[in-house]
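The structure under discussion appears below in the form of structure tokens.
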Amino acid sequence: MGYLYVVLPAAFYLAFVLWPLLTTVRWSFFDYDGLNDATWVGLRNYADLLGDTTFRNSVLHAVVLQAFYAVAPIAIGLLLAAAITHRHVRGVNVFRSVLFLPQVVAPVVIAMIWRWVYEPNFGPLNTMLSALGLDSFRRPWLGDFDFALPSIGVIGTWTMFGLCMVLFVSGVQRIPTSLYEAVRLDGAGAFRAFVHVTLPGLRREITVAGSICMITGLRNFDLVYNLTRGGPGDETSVPVLLIYRKAFLTREVGSASAAAVLVVLVLVTASTVILRLREPGHDHR
Amino acid sequence: MNYGWTQMGDFVQTGGLLGLNDYAAQYGWRDRLPAGLVGMHSFSDDGTQFGGDQLYSMAYSGQWVGVYFNKSKLEALGLDVPSTFDEFLAAVDAAGAAGELPIQAGVLEQWPAGHVWMTFQNAISDPTSVRDFIFGSGDSFVTDSNLEAANTIAELGSTGAFGENFAGVSVDDAVAQFAQGNGVFFIQGTWFSKTLSDAMGDNVGVFPMPRLDEGPAAATASPGYGYSITAQSGHHDLAAEYLDFITGPRSAEILLELGSLPVLPADGIEVDNPLLADILAGWTVLAENDTMLPFLDWAAPPLLADLGAASQELMAGRTSPEDFLARVDSDYQDFIAES
């Protein structure tokens, strides 16, 4: 009887997740333009992709963005968590809600907001730089060949650090205070307490945050497409953008499918590695 | 339905579109299109040749890419509306010297940069060769006149004619900023005319970029989206009647009343809106001289993304004119070789 409850979600999952996934894998072995007949080409799409400079550069850009989407938010989240837990901060719930807001705003809206922020002639960022007397720091941010990628990265950090902070704050509250007392008695200061008690205690939360951040960083099509289309030139192109272009603009559906499969493989591998780190060597709980 | 290899070619190849030659003969549709536009609606029956014999769509509106100008700023500089290519370049210099932004540009979305390229290419290269190239002649994109066009853009970029921030400004913001008085010239399509006309009233005009060789102006021009009849439809005659209606004279009248450009050549029609009058005048000149040229990115699917990106780099001085030409040529030749 219990299985009946599962049938509907299972059907949904089959139709909208499994079936497209398997079809994509199938298409990746064909030369297919989306409309006419497909020709079997085996692994040629994959070989071409791995040898294609444009694709390799987009992978490089995605790796750079990971620093902004994963490393920075986790670091900031840890710092914030260390700062506001075990301390009474007035209005901490308000802070938490506000800092978490980017997670609930639609990506397209985020793109529009930041496009305005980065607008070179009248946008707030350049205006503020001028007001501070830092005119030489003004840039056409999203159109700057050196700063466009970091500019997008900053948006990633802004989006993710609230989530990391919330995860870590709730995680720290589960660490027994007796541990902190113990290290204090051993003469450790705040920093050593952080390294030896907080960090290990947050291992699970860090791996969860890491996974989510990494995946978000690889799935930022809406941001890149709406802000720069991969430009200026190809400076902000990322694999998911290339998948879109190949599938819908240049009619290389087979190649797009191969690229998608590669992205999924990378994500699965990285997630597995991260989850391995989760296995605690010594569990305080 | 978008033209050339952006969409139409694929659908013709799958047999999804009804060939319209018979209906065109019956209703006289070919008389409704300026000569240069017929090819844009056409493919060969097997869908391999863009610009072939079979008509596949009709459209009711037109558009072209030209040079908008701020009338009061030109006057303040003591200049007339440029009537030759050299006068345009001189005006750009004068504007820069006077501290104005010579050419407003916003190319964040990449495709607007392609339009800047096309405008200069059409002013310098031979129109027939440009058209043949887009329709699949397979000729090389690396020609002396294209190189000259690329050099011109590179030079304008490096001397600050586009300003400093153009690569980071979106085209919509550029339109708004031009409307607010930033920039003497603005190279973009007539699809922005309503916004500019509402904001600037009498103060804005537009002209097709004059040719370097002082021949009749050539510009990127096309119908608005084309309407085709699906082959599977059970109501071909009815659909054809509808196409006839929306592309006919009454429809053209209504479009003009609404401030839009109808695709029918406009003979001696009076309009109050000065910008619309300029647009009609430019369209008529292009129609009479058969110098309406298709959008360059219709020539091959990769160009849809690459032309904008490469043009952005050219304007910003991040790629040399030679490399720009080579990149476009390689995308084009790869596509030609495959099909």
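Lettering follows sequence order; numbering is per chain, from 1.
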Locate the shortest heavy-atom distance separating [X] from [Y]; write the atom from each residue and the value.
X: A:R229; Y: B:E109; value: CG-O, 3.6 Å
X: A:F145; Y: B:Q312; value: CZ-O, 4.3 Å
X: A:P120; Y: B:G168; value: CD-O, 3.4 Å
X: B:A309; Y: A:G233; value: CB-O, 3.5 Å

If you tally heavy-atom pairs under 4.5 Å against chain B, which of A:A148, A:G230, A:G143 wins?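 Ranked by heavy-atom pairs under 4.5 Å with chain B, first place is A:G143.
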Against chain B, work out which of A:D144, A:L227, A:D33 has the most heavy-atom pairs shorter than 4.5 Å and name it.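 Winner by heavy-atom pair count: A:L227.
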Heavy atoms from other residues, nucleotides or ligands near [atom1] of [X] exceed 12 (cutoff 6.0 Å):
X: B:Y225; atom1: OH; result: no
X: B:E155; atom1: CD; result: no
X: A:R138; atom1: CZ; result: yes
X: B:D53; atom1: CG; result: no
X: A:Q103; atom1: CD; result: yes
X: A:W27; atom1: CH2; result: no
X: A:D37; atom1: CG; result: no

Are any of the side-chain heavy atoms of A:Y118 and B:L108 separated by less than 4.5 Å?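 Side-chain contact under 4.5 Å: no.
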Side chains of B:Q177 and A:E119: does their closest heavy-atom pair fall under 4.5 Å?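 Result yes, sub-4.5 Å side-chain heavy-atom pair found.
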Is A:R139 close to chain B through its backbone or its side chain, or both, or neither, when contacts mean heavy atoms under 4.5 Å?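 Just the backbone, heavy atoms under 4.5 Å.
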Of the backbone (N, CA, C, O) and the side chain (C-beta and beyond), which part of A:Y225 lies under 4.5 Å from a heavy atom of chain B, both, or neither?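 Neither part.
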Atom pair CG/CG of B:N165 and A:L142 - distance to nearest 0.5 Å: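 Between atom CG of B:N165 and atom CG of A:L142 there are 11.5 Å.
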Please round to the nearest 0.5 Å and tell me the distance separating atom CD of B:Q104 and atom CG of A:N121.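 Result: 7.0 Å between the selected atoms.
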Hey, is A:D234 close enough to B:R318 for a salt bridge, meaning N to O under 4.0 Å?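 Looking at B:R318 together with A:D234, the answer is no, because their closest N to O distance does not fall below 4.0 Å.
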Please state whether the side chain, the backbone, both or neither of [X] comes within less than 4.5 Å of a heavy atom of chain A.
X: B:F335; value: side chain
X: B:S170; value: side chain
X: B:D173; value: side chain

Residues in residues 236-262 of chain A near chain B [non-hydrogen atoms, under 4.5 Å]: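 Those residues of residues 236-262 of chain A which have a heavy atom under 4.5 Å from chain B are A:R245, A:L249, A:T250, A:R251.
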Can you name the residues that form a side chain to side chain donor-acceptor pair (under 3.5 Å) with B:D139, not counting sequence neighbours?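 Applying side chain to side chain donor-acceptor pair (under 3.5 Å) to B:D139 gives B:S137.
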